[in-house]
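Contents: one structure, followed by commentary.
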2 protein chains.
Amino acid sequence: MPAETRSRRSDALRNRDRLLAAAAELFAERGLEVPLDEIARTAGVSIGTLYNHFPTRDDLYNAIIPARLGALDQIVARALATDDPWDGFVAYLEGVFGLQAKDRSLNDAIARRRPASAEIAEVCSRNVDQVLKLIARAKASGDLREDFQPMDLAMLGAAISQVIHESGDWRRFLDLHLTGLRANG
Amino acid sequence: MPAETRSRRSDALRNRDRLLAAAAELFAERGLEVPLDEIARTAGVSIGTLYNHFPTRDDLYNAIIPARLGALDQIVARALATDDPWDGFVAYLEGVFGLQAKDRSLNDAIARRRPASAEIAEVCSRNVDQVLKLIARAKASGDLREDFQPMDLAMLGAAISQVIHESGDWRRFLDLHLTGLRANG
DNA sequence: GACTAATTTGAGGGTGCCCTCAAGTTATGA
DNA sequence: TCATAACTTGAGGGCACCCTCAAATTAGTC
């Protein structure tokens with residue numbers, strides 16, 4: 001198979017890297033809907049070159065988002081390693097939302113399931129099992145209310161994504177959500 | 001002043017009504033960003049006529065949104081009329097969010113301050129005093145946590161608007177937010 | 001019925017973003 | 001250094017939405 005031995009040209013590799021760097025930066029700053037020609041311009045490359053390397057927008061997403069979502073693995077692992085089930089659950093929430101707050105593309109990808117590509121879905125679903133464990137653990141210890149559902153978590157993510165979007169204090173909001181608004185309890 | 005006595009032509013009045021009806025319907029269904037030419041088409045009128053009656057998008061918003069926001073007055077009044085301060089506070093939240101859930105344009109206008117026109121801001125601010133009263137009352141009775149701020153309400157509105165947007169169960173989410181996720185309390 | 005001012009019309013120009021492809025450039029290996 | 005495949009380029013066509021304005025139509029008046 002000689003096709004395998006063909007090496008990419010060096011300029012092509014360099015341009016690809018520049019495109020990824022530019023896209024990563026712009027996605028993080030402004031979300032997943034930055035115009036492609038702006039990415040090309042930032043990378044110092046023509047729009048045609050961008051399309052050579054990434055024929056569709058999803059190709060660009062798939063080259064960037066899954067790697068970033070890898071951070072989720074660590075967050076959920078650390079949460080599960082926490083002795084106290086409730087603290088672990090809270091640590092997970094703070095970890096994920098902190099990630100979303102720092103990177104608008106992750107806010108889009110996690111909370112709004114924006115790209116919705118198979119590849120990204122895979123990364124997310126890889127964590128679902130772990131997260132379910134986290135939830136079960138917190139329920140078993142009596143800390144988390146019994147009726148809590150995964151959908152509640154999804155909605156919390158959506159809600160917080162909007163608080164972040166509005167530049168609100170998401171930690172404060174999370175705290176209120178965890179403890180409730182009622183005074184005595 | 002003879003200019004005052006000039007009457008609008010009947011077809012113009014009719015077309016204006018049709019435009020308002022079409023815009024109201026489309027706004028409620030799909031939010032405030034429906035294309036103007038779609039509104040004109042729905043009204044059975046040309047795009048030029050739309051611009052005759054409503055030179056800017058804001059003119060259209062101002063002709064529709066403030067009236068709808070009038071419902072807020074009733075909601076807050078009914079909430080204040082409720083004997084139990086906490087029940088009143090909750091009734092207000094349910095009233096407002098119910099409104100947002102039924103009408104996407106109100107979801108945009110209330111929670112995301114989308115049009116941000118002076119006229120709409122006026123309608124909203126008219127209620128602020130009443131809402132502050134509602135909050136103060138609920139705090140005084142010891143039902144609402146002392147550290148609750150108006151900003152917390154704004155963020156809750158933003159959060160719920162997103163839950164509604166994702167077709168989530170906003171009542172469930174509000175319930176969780178009011179009572180917290182922790183099991184015992 | 002004819003006049004006129006009010007109103008409507010929709011083609012057309014502008015913008016921003018998408019995507020393509022024929023022509024030009026360049027890395028690479030012989 | 002040349003040949004060639006690999007790569008880059010950017011003008012250009014498409015689309016969706018915005019907004020304008022000269023020409024056509026029509027309601028209201030005499």
Side-chain angles (χ1 to χ4, degrees), chain A residues 1-23 25-27 29-64 104-105 108 112 114-117, chain B residues 1-23 25-27 29-64 104-105 108 112 114-117:
Chain A
M1 39 303 261
E4 283 298 313
T5 64
R6 281 266 152 70
S7 65
R8 312 261 84 143
R9 253 169 59 170
S10 61
D11 56 342
L13 288 174
R14 201 184 58 229
N15 284 336
R16 186 168 197 280
D17 285 348
R18 286 182 181 170
L19 280 165
L20 285 175
E25 185 190 324
L26 290 173
F27 283 162
E29 263 173 36
R30 317 230 312 264
L32 291 174
E33 295 187 325
V34 253
L36 295 179
D37 55 353
E38 194 172 342
I39 294 176
R41 214 176 318 123
T42 304
V45 133
S46 87
I47 183 66
T49 296
L50 185 150
Y51 276 96
N52 282 347
H53 289 281
F54 306 99
T56 74
R57 219 188 171 86
D58 272 349
D59 292 328
L60 209 41
Y61 291 158
N62 286 331
I64 291 178
R104 279 207 46 183
S105 69
D108 291 356
R112 297 159 191 227
R114 209 40 188 282
S117 81
Chain B
M1 38 302 263
E4 283 298 313
T5 63
R6 281 270 151 68
S7 66
R8 312 262 82 143
R9 252 168 62 171
S10 63
D11 56 343
L13 288 174
R14 202 184 57 230
N15 284 336
R16 185 168 198 278
D17 286 347
R18 285 183 181 169
L19 281 165
L20 284 175
E25 186 190 324
L26 291 173
F27 285 162
E29 262 172 36
R30 317 228 313 265
L32 291 174
E33 294 186 327
V34 252
L36 295 180
D37 55 354
E38 194 172 342
I39 294 176
R41 214 176 319 123
T42 304
V45 133
S46 86
I47 183 65
T49 296
L50 186 151
Y51 277 96
N52 281 347
H53 289 281
F54 306 99
T56 74
R57 221 190 169 84
D58 273 350
D59 292 328
L60 209 41
Y61 290 159
N62 286 331
I64 292 179
R104 280 207 46 184
S105 69
D108 291 356
R112 296 156 192 229
R114 210 40 187 283
S117 82

Which pair of heavy atoms, one from A:Ile39 and one from A:Leu60, lies closest together, and at what distance?
CD1-CD2, 4.0 Å

If you look at every heavy atom in B:Leu36 and B:Tyr51, which pair is closest and at what distance?
CD1-OH, 3.3 Å

B:Tyr51 atom OH is separated from D:dA22 atom C1', nearest whole Å, by 18 Å

Of all the heavy-atom pairs spanning B:Asp108 and B:Gly31, show the shortest one and how long it is.
OD2-CA, 3.6 Å

Provide, to the nearest angstrom, the distance between the CG atom belonging to A:Asp37 and the C1' atom belonging to D:dG10.
12 Å

Whole angstrom value for the distance that separates P of D:dA16 from CD of A:Glu33
17 Å

Rounded to the nearest Å, what distance is computed from the CG atom of residue A:Leu26 to the P atom of nucleotide C:dC17?
12 Å

Classify the nucleic acid contact of B:Leu36 as base, sugar-phosphate or nothing, counting any heavy atom under 4.0 Å across all strands shown.
sugar-phosphate

Rounded distance (Å) that lies between atom C1' of C:dA11 and atom CD1 of B:Ile47:
13 Å

List in numerical order all residues of residues 9-19 of chain A for which some heavy atom is under 4.0 Å away from an atom belonging to DNA chain D.
A:Arg9, A:Asp11, A:Ala12, A:Asn15

Can any side-chain N or O of A:Asp59 pair as donor or acceptor with the backbone N or O of A:Thr56 at less than 3.5 Å?
yes

Could you state the CZ-P distance from A:Phe54 to C:dC18, rounded to the nearest angstrom?
15 Å

Which is more 5' along DNA chain C, the nucleotide nearest A:Asn52 or the one nearest B:Gly48? Just name the residue.
B:Gly48

Among the nucleotides D:dC19, C:dC18, C:dT9, whichever has the atom closest to the side chain of B:Ser46 is C:dT9

Side-chain N or O of A:Arg8 closer than 4.0 Å to phosphate OP1/OP2 of D:dA6
no

Roughly how many Å is it from CG in A:Leu50 to C1' in C:dC17, rounded to a whole number?
13 Å

Is there a side-chain contact between B:His53 and the phosphate of C:dT8, meaning an N or O under 4.0 Å from OP1 or OP2?
yes

So how far is it from A:Leu20 CG to A:His53 NE2, rounded to the nearest 0.5 Å?
9.5 Å

The criterion is side-chain hydrogen bond (donor to acceptor under 3.5 Å, both in side chains); which residues satisfy it with A:Glu38, sequence neighbours excluded?
A:Arg30

Using only side-chain N and O atoms of B:Thr49, determine if any of them is under 4.0 Å from OP1 or OP2 of C:dT9.
yes

Spacing between A:Glu38 atom CD and D:dG10 atom P, to the nearest angstrom:
17 Å

Pairing residues for A:Asp37 by the side-chain hydrogen bond (donor to acceptor under 3.5 Å, both in side chains) criterion, not counting sequence neighbours
none

